[in-house]
Amino acid sequence: ESLNIEFAKSVTPIEIKKALQNSEGCKVIDEKSNGGYATPVDAEGKNDTFISRIRTDKSNKNSINLWIVSDNLLRGAALNAVEIAETYYNRNR
């Protein structure tokens with residue numbers, strides 16, 4: 001997926017990269033070189049979500065562009081729903 005996220009304030013790709021590197025289930029592969037980004041082959045058979053090409057959106061100073069891949073057979077809506085429910089439950093005990 002190519003994703004564009006608009007924030008309430010200006011953010012940098014470095015800030016986003018650091019936040020995602022410290023997030024469970026996320027794997028950042030973002031080198032500005034050939035092969036320095038995630039492909040569907042990287043995600044095959046893995047539960048992690050791979051994030052690449054973290055770039056500033058030149059048309060909006062508060063936006064960031066990302067390239068995201070995952071194994072959709074493993075990371076489908078059902079698994080995401082279960083993980084969201086588990087997080088909600090654990091935070092509200």
Side-chain angles (χ1 to χ4, degrees):
E1 273 184 54
S2 176
L3 187 66
N4 177 275
I5 304 172
E6 185 175 341
F7 297 89
K9 62 177 186 139
S10 181
V11 294
T12 67
I14 293 169
E15 292 172 301
I16 298 302
K17 189 174 184 177
K18 284 180 183 177
L20 291 170
Q21 286 172 328
N22 294 316
S23 297
E24 185 178 342
C26 293
K27 182 162 175 83
V28 176
I29 302 174
D30 191 36
E31 303 300 325
K32 293 185 178 179
S33 63
N34 286 340
Y37 55 90
T39 67
V41 172
D42 297 315
E44 184 179 357
K46 299 179 182 113
N47 282 326
D48 287 336
T49 298
F50 293 78
I51 301 102
S52 296
R53 296 181 177 169
I54 304 168
R55 307 288 187 266
T56 301
D57 179 349
K58 302 286 186 194
S59 68
N60 183 338
K61 67 179 181 173
N62 294 349
S63 292
I64 295 288
N65 295 316
L66 309 164
W67 175 250
I68 301 172
V69 297
S70 65
D71 186 329
N72 290 333
L73 296 176
L74 295 175
R75 297 296 312 173
L79 179 57
N80 287 338
V82 168
E83 289 179 346
I84 290 167
E86 287 173 340
T87 300
Y88 179 80
Y89 174 79
N90 290 330
R91 287 185 182 173
N92 293 294
R93 285 205 231 180

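Note that this is a predicted model, so its numbers are computed, not measured.
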Heavy-atom check, side chain of [X] versus side chain of [Y], under 4.5 Å:
X   : Y   : result
I64 : L66 : yes
N22 : L20 : no
T49 : K27 : no
I16 : V11 : yes

Contact summary for S10 and E15, nearest pair of heavy atoms
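Minimum heavy-atom separation between S10 and E15: O-OE1, 4.4 Å.
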What's the shortest heavy-atom distance between D71 and G45, and which atoms?
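Shortest heavy-atom separation between D71 and G45 comes out as OD2-N, 2.6 Å.
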Taking atom [atom1] of [X] as the centre, report whether more than 12 heavy atoms of other residues, nucleotides or ligands fall under 6.0 Å from it.
X   : atom1 : value
E83 : CD    : yes
K61 : NZ    : no
K17 : NZ    : yes

Any donor and acceptor pair, going by atom type alone, linking the side chain of [X] with main-chain N or O of [Y] inside 3.5 Å?
X   : Y   : answer
S52 : D30 : no
W67 : A38 : yes
S23 : A19 : yes
D57 : N65 : no

With the 4.5 Å side-chain cut-off for hydrophobic clustering, are V69 and I5 part of the same group?
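No, because V69 and I5 fall into different hydrophobic clusters, even though each may have its own neighbours under 4.5 Å.
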Any link between V28 and I68 through a network of hydrophobic side chains (Ile, Leu, Val, Met, Phe, Trp, Tyr) touching at under 4.5 Å?
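Cluster IDs for V28 and I68 match.
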My understanding is that only one of R91, R93, E86 makes a side chain to side chain contact (heavy atoms under 4.5 Å, CB included) with Y89; could you say which?
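Testing each of R91, R93, E86 against Y89, the sole residue satisfying side chain to side chain contact (heavy atoms under 4.5 Å, CB included) is R93.
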CG of N4 to CZ of R55: how many Å apart, nearest 0.5 Å?
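Here the rounded value is 14.0 Å.
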Between the side chains of T87 and N90, does any donor sit under 3.5 Å from an acceptor?
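There is no such pair (donor and acceptor under 3.5 Å, judged by atom type) between the side chains of T87 and N90.
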